[in-house]
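Working notes, beginning with the structure itself.
The sequence lines fix the lettering, A, B, ..., with proteins before strands; numbering per chain opens at 1. These values consider heavy atoms only, across backbone and side chains, with no hydrogens, waters or symmetry-generated copies.
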Protein chains: 2
Amino acid sequence: MSTPPISRRARPAKAPLSRDVIVRTGLDILDRDGLDALTMRRVAKELDTGPASLYVYVANRDDLMAAMLDEALGRVPLTADGTWRDQIHALANATVEAMSRHEGLATVALGAIPTSDNALLVLDRMLALLKQGGLDDTTAAWAVDLIYLHLAAAAAEESAYTTKGGEEDDTIAAADRRYASLDPRRYPMITSLRQALFSPGDRDAWGLNVLINGILHTPAG
Amino acid sequence: MSTPPISRRARPAKAPLSRDVIVRTGLDILDRDGLDALTMRRVAKELDTGPASLYVYVANRDDLMAAMLDEALGRVPLTADGTWRDQIHALANATVEAMSRHEGLATVALGAIPTSDNALLVLDRMLALLKQGGLDDTTAAWAVDLIYLHLAAAAAEESAYTTKGGEEDDTIAAADRRYASLDPRRYPMITSLRQALFSPGDRDAWGLNVLINGILHTPAG
DNA sequence: ACCTGAACACCGTTCAAGT
DNA sequence: ACCTGAACACCGTTCAAGT
């Protein structure tokens, strides 16, 4: 049952290794099989080599994941049409989507001050919009931090619900059942507001508007 | 060099295994040696047993971490003095502290709808405060979600900066140097606002006030 | 310079066998 | 019922040796 060795000539040309191809392969694996499948060994296998070979281009797994996040953020469109608010929403939504689309990447964003090329491009664009809104320098600066943190968190949450094995609806239904079974004496507010807690609606848009309105009403410093 | 077996009588009484003692041992390891050290095998060793024994009380590593988060949240004081705003800040700060104090726990909170006893207690208390502030049911419900998400994210960030090997100041200084070396043509806003981006001040308190003010100005639904 | 086989020092989890 | 030794099927990373 063993395959005879195939001469280099005979088999399809092996793509040369590079940081870029490693990063893109990592993203593919993440999308196809999730975070647990993203191992150095799996990336190597996909590239028809051994894990040791990756370390020429990538310092370690964390470095690879940071590069993958940057690659994902590179696909965020930096400009949009519409009102000032529309443009902020468009940039925010695209950023959340870019992160949440690939399981586990949002967590990487939460773990470090953004310094990668494409993260900084998103930040620069958001900063331009905030300044356009008439904010002073300090408020705009603090605001961009806060918004980026919020987007990463929203992406992490969405990514977790969407990916984690089962369906998103199952997760919510299970939580709803749990809330329904709580002792009203111990959890009076949750029990009485349960309807509202699980009420449908565009919470992402609302959350971003809360941030925008709050920033407009809260000078920093 | 090998130690002779000690009779059961002679050695100190081995604490009986229980979910609680496993959870607390996990928290201890997290505090002493960080997230990477928190392995099932390490917890077992600390309890003088084998890893297989843990699975009687804990479904798997994720279950253990969820239980650890709940234990940490159980230490949050649920009441405080002062104005309405003071009370929200106190509850929020205590929650962030409880999470960020133990590396990696905040990420657990980000990955699931809160359903554990002590998380729900924090939520219930926050909900009471929000309703006290005059919010309608839907806004209060969406707001508590948003605030909890923000607190978990803030804790994750703080935890990452504080713990990640080196000092927090080093991380910031490195980011500052990176920002200083950016091409102003590609990153016009970041370069011109660099001072403001790294300006000192209580960003946590400001961020929470942004949320509170935004919620007060943004009805849900 | 780039690549790799083999090894090192680990993991989480399961399961049959013990008490 | 509770506990465990041993095993299974993996990990990330290093390093000496090759080209």
Check: Taking CE from B:Met65 and P from C:dG12, how many angstroms apart are they, rounded to a whole number?
Finding: 11 Å

Note to self: I'd like to check the side-chain hydrogen bond (donor to acceptor under 3.5 Å, both in side chains) partners of B:Arg75; sequence neighbours left out, ordered by chain and number.
What the structure shows: B:Glu71

Notebook entry, point to check: Heavy atoms under 4.0 Å, any strand shown: does A:Thr39 hit a base, just sugar-phosphate, or nothing?
Noted result: sugar-phosphate

Margin query: Under the salt bridge (charged side-chain N to carboxylate O under 4.0 Å, His left out) definition, can you give me all pairs with a residue in residues 106-130 of chain B, not counting sequence neighbours?
Written below: A:Arg178-B:Asp117

Check: How many Å lie between CZ on A:Arg42 and P on C:dC11, as a whole number?
Finding: 24 Å

Listing time: all N or O pairs from protein to nucleotides 13-19 of chain C that are below 3.5 Å?
unit_1	atom_1	unit_2	atom_2	d
C:dT13	OP2	B:Tyr55	OH	2.8
C:dT13	OP2	B:Arg61	N	2.9
C:dT13	O5'	B:Tyr55	OH	3.3

Check: Please give, in whole Å, the distance from C:dC11 P to B:Leu54 CG?
Finding: 13 Å

Item checked: All side-chain hydrogen bond (donor to acceptor under 3.5 Å, both in side chains) counterparts of B:Ser53, not counting sequence neighbours -> B:Thr49

Next item on the list: To the nearest Å, give me how far apart CG (B:Leu47) and P (D:dC3) are.
Entry: 11 Å

Notebook entry, point to check: Between B:Lys45 (NZ) and D:dT4 (P), how many Å, whole number?
Noted result: 15 Å

Notebook entry, point to check: Looking only at heavy atoms, what is the nearest atom pair of B:Leu146 and A:Val210, with distance?
Noted result: CD2-CG1, 3.7 Å

Checklist line | Counterpart residues, ring pair (Phe, Tyr, Trp, His ring centres under 6.0 Å), relative to A:Phe198 (two or more places apart) | finding: A:Tyr179

Next item on the list: Indicate the atoms forming the closest heavy-atom contact of B:Arg203 with B:Ala196, along with that distance.
Entry: NH2-O, 3.7 Å

Item checked: Length of the CG-C1' vector between A:Leu38 and D:dC11, whole Å -> 12 Å

Margin query: What's the gap between D:dA9 and C:dA9 when it is taken at their P atoms, as a whole Å value?
Written below: 23 Å

Checklist line | Intra- and interstrand pairs of DNA chain D - dot-bracket, Watson-Crick/G-U under 3.5 Å, | marks other strand | finding: ||.|||||...|||||.||

Check: How would you list, by chain and number, every residue that makes a side-chain hydrogen bond (donor to acceptor under 3.5 Å, both in side chains) with B:Ser116, sequence neighbours excluded?
Finding: B:Asp70

Notebook entry, point to check: With A:Asp204, which residues qualify under side chain to side chain contact (heavy atoms under 4.5 Å, CB included), at least two apart?
Noted result: A:Glu158, A:Asp202

Notebook entry, point to check: Is the phosphate of D:dC3, meaning OP1 or OP2, less than 4.0 Å from a side-chain N or O of B:Tyr57?
Noted result: yes

Next item on the list: Using whole Å, report how far CG of B:Asp36 lies from P of C:dC10.
Entry: 13 Å

Margin query: Applying salt bridge (charged side-chain N to carboxylate O under 4.0 Å, His left out) as the test, list every pair that has at least one member in residues 51-61 of chain A; sequence neighbours left out.
Written below: none

